[in-house]
S.K.: 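Here's a structure for you.
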Number of protein chains: 2
Amino acid sequence: MQNYEIDNLDKSILEALTENARIPYAELAKKLAVSAGTIHVRVEKMKNAGIIEGTKVSINAKNLGFDVCCFIGINLKNAKDYPETIKKLEAIEEVVEAYYTTGNYSIFIKTMTRSIDHLQMLLINKIQTIEEIQSTETLISLQNPINRDVLP
Amino acid sequence: MQNYEIDNLDKSILEALTENARIPYAELAKKLAVSAGTIHVRVEKMKNAGIIEGTKVSINAKNLGFDVCCFIGINLKNAKDYPETIKKLEAIEEVVEAYYTTGNYSIFIKTMTRSIDHLQMLLINKIQTIEEIQSTETLISLQNPINRDVLP
DNA sequence: TATGAAAGACCGCTCCC
DNA sequence: GGGAGCGGTCTTTCATA
């Protein structure tokens, strides 16, 4: 199911669908000069290959009141506590992404909060109370100048 | 256009659309026990309020061959070179996200590459040749145990 | 002002070429 | 990969509370 080689048509479909996942297949077909049936076949193929996982709305978090995006590098007391820590982080709704990384930190997370106060509360009352965590480093995102979702 | 307060119905719509943006409005209406017209009105309202930015397919980068996800913290020689550096980073297709942050790094970027070799090439031949950059720190993501797209 | 119902146009899915 | 048919969906309008 993996490593299916996509051709230019597949690529064009992905690009179009990345801009607007709700575009009618018929319109897409016209734009790419193929038939609607073909689009359908290709999309199904990419779904089966696990390339297309699904469709999502992109929500502007800022306009919903979540103004503060922040990255937090976490160091654990013991590396073996990783699974337990992830479980605890998962229970915190402000944690939107988590990565297990090599380098300076054991775990690296991204958080979305409504304000700096909210972030501070999150850090003090939720994250730093996790006993497996030794220390944290906070990187507040002031700007997000690049945010791509298309791959070459 | 901002700070429009969403109610429970809007929230349910967003949640459903986040799981599957292509769900028929009629089905969504049935699930939420309202009429299809209402769904349509609400979605339009949230689009106008800038809450819904659009719809996207979620692509599994791994199945496309992009196996290595990596974060790179960048320090600049001079803080004022930020805009110029962003411009140069933007031209690098492997750079999928960039943040201007407070804390340890000036700029923080996320990259997607096909392999460790590819990552190494990216670092040496592309990123570290940007003259405004003083130093970089690389955090290779080994796992991505949390990846939410729903907000509370 | 926001919701609900219905009608027509449009689209997606499936088959066969 | 292309083309046509049927079943279903989206959108719009109008009436209502």
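Keep in mind it's a predicted model, so treat the numbers as computed, not measured. Throughout, a chain's letter reflects where its sequence line sits, starting with A, and its residues are numbered from 1.
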S.K.: If only atom types and distance count, is the side chain of Thr111(A) paired as donor or acceptor with the main-chain N or O of Val95(A) below 3.5 Å?
M.R.: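 Not confirmed, Thr111(A) side chain does not pair with Val95(A) backbone.
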S.K.: Same hydrophobic cluster for Met46(B) and Ile39(B), using side-chain heavy-atom links shorter than 4.5 Å among ILVMFWY?
M.R.: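 Yes, it is one cluster - the side chains of Met46(B) and Ile39(B) are joined through contacts under 4.5 Å.
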S.K.: With no hydrogens and no angle check, do the side chains of Asn75(A) and Gln134(A) hold a donor and an acceptor under 3.5 Å apart?
M.R.: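 No - no donor-acceptor pair under 3.5 Å links their side chains.
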S.K.: Mind checking what makes ring-ring contact (aromatic ring centres under 6.0 Å, His included) contact with Tyr25(B), not counting sequence neighbours?
M.R.: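 Tyr25(B) satisfies ring-ring contact (aromatic ring centres under 6.0 Å, His included) with no other residue.
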S.K.: Taking DNA chain C as the partner, which of residues 31-39 of chain B come within under 4.0 angstrom of it by heavy atom?
M.R.: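 Heavy-atom cutoff 4.0 Å gives Val34(B), Ser35(B), Thr38(B).
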S.K.: Apply salt bridge (Lys or Arg N to Asp or Glu O under 4.0 Å) to Asp67(A) and list each qualifying residue two or more places apart in sequence or on a separate chain.
M.R.: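 Applying salt bridge (Lys or Arg N to Asp or Glu O under 4.0 Å) to Asp67(A) gives none.
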S.K.: Strictly under 3.5 Å: I want the nitrogen or oxygen pairs between protein and nucleotides 7-10 of chain D, one per line.
M.R.:
from, atom 1, to, atom 2, distance (Å)
dC10(D), OP1, Tyr25(B), N, 2.9
dC10(D), OP2, Tyr25(B), N, 3.0
dC10(D), OP2, Ala26(B), N, 3.2

S.K.: When the axes are fitted on five pairs at both termini, how much does the helix from dT1(C)-dA17(D) to dC17(C)-dG1(D) curve, in 10° steps?
M.R.: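 Here the helix ends are tilted 30° relative to one another.
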S.K.: In the hydrophobic clustering (ILVMFWY, side-chain contacts below 4.5 Å, transitive), which residues join Val41(B), or is it alone?
M.R.: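 Members other than Val41(B) - counting any ILVMFWY side chain reachable under 4.5 Å - there are none.
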S.K.: Output a table of donor-acceptor pairs, distance under 3.5 Å, between side-chain atoms of residues 97-108 of chain A and any protein atom two or more places apart or on a different chain; print 'none' if there are none.
M.R.:
from, atom 1, to, atom 2, distance (Å)
Glu97(A), OE1, Tyr99(A), OH, 2.5
Tyr99(A), OH, Lys110(B), NZ, 3.2
Thr101(A), OG1, Tyr105(A), O, 3.0
Thr102(A), OG1, Ile140(B), N, 3.4
Asn104(A), ND2, Tyr105(B), OH, 3.4
Asn104(A), ND2, Glu137(B), OE1, 2.4
Tyr105(A), OH, Glu137(A), OE1, 2.5
Tyr105(A), OH, Asn104(B), ND2, 3.4
Ser106(A), OG, Leu76(A), N, 3.4

S.K.: Each residue besides Ile124(A) in its hydrophobic cluster should be listed here, by chain and number; the cluster joins Ile, Leu, Val, Met, Phe, Trp and Tyr at side-chain heavy-atom distances under 4.5 Å.
M.R.: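 Ile124(A) shares its hydrophobic cluster with no other residue.
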S.K.: Going by the salt bridge (charged side-chain N to carboxylate O under 4.0 Å, His left out) test, which pairs reach into residues 123-132 of chain A, not counting sequence neighbours?
M.R.: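 As it turns out, the salt bridge (charged side-chain N to carboxylate O under 4.0 Å, His left out) pairs with a partner in residues 123-132 of chain A, which skip direct neighbours, are Lys88(A)-Glu132(A), Glu94(A)-Lys126(A).
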S.K.: First locate atom CD1 of Ile146(A), then atom CD1 of Ile109(B), and finally report the distance between them rounded to the nearest 0.5 Å.
M.R.: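 Rounded to the nearest 0.5 Å, the CD1-CD1 separation comes out at 7.5 Å.
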S.K.: If you walk 5' to 3' along DNA chain C, what is the first nucleotide with an atom under 4.0 Å of a heavy atom in chain B, and what is the last?
M.R.: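 Here the contact window of chain B covers dT3(C) to dG12(C).
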S.K.: Can you tell me which residue pairs pass the ring pair (Phe, Tyr, Trp, His ring centres under 6.0 Å) test with a partner in residues 26-58 of chain B, sequence neighbours excluded?
M.R.: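 For residues 26-58 of chain B, and leaving out neighbouring residues, there are no ring pair (Phe, Tyr, Trp, His ring centres under 6.0 Å) pairs at all.
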S.K.: Any salt bridge (charged side-chain N to carboxylate O under 4.0 Å, His left out) pairs touching residues 29-38 of chain A, not counting sequence neighbours?
M.R.: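 Residue pairs passing salt bridge (charged side-chain N to carboxylate O under 4.0 Å, His left out), neighbours aside: none found.
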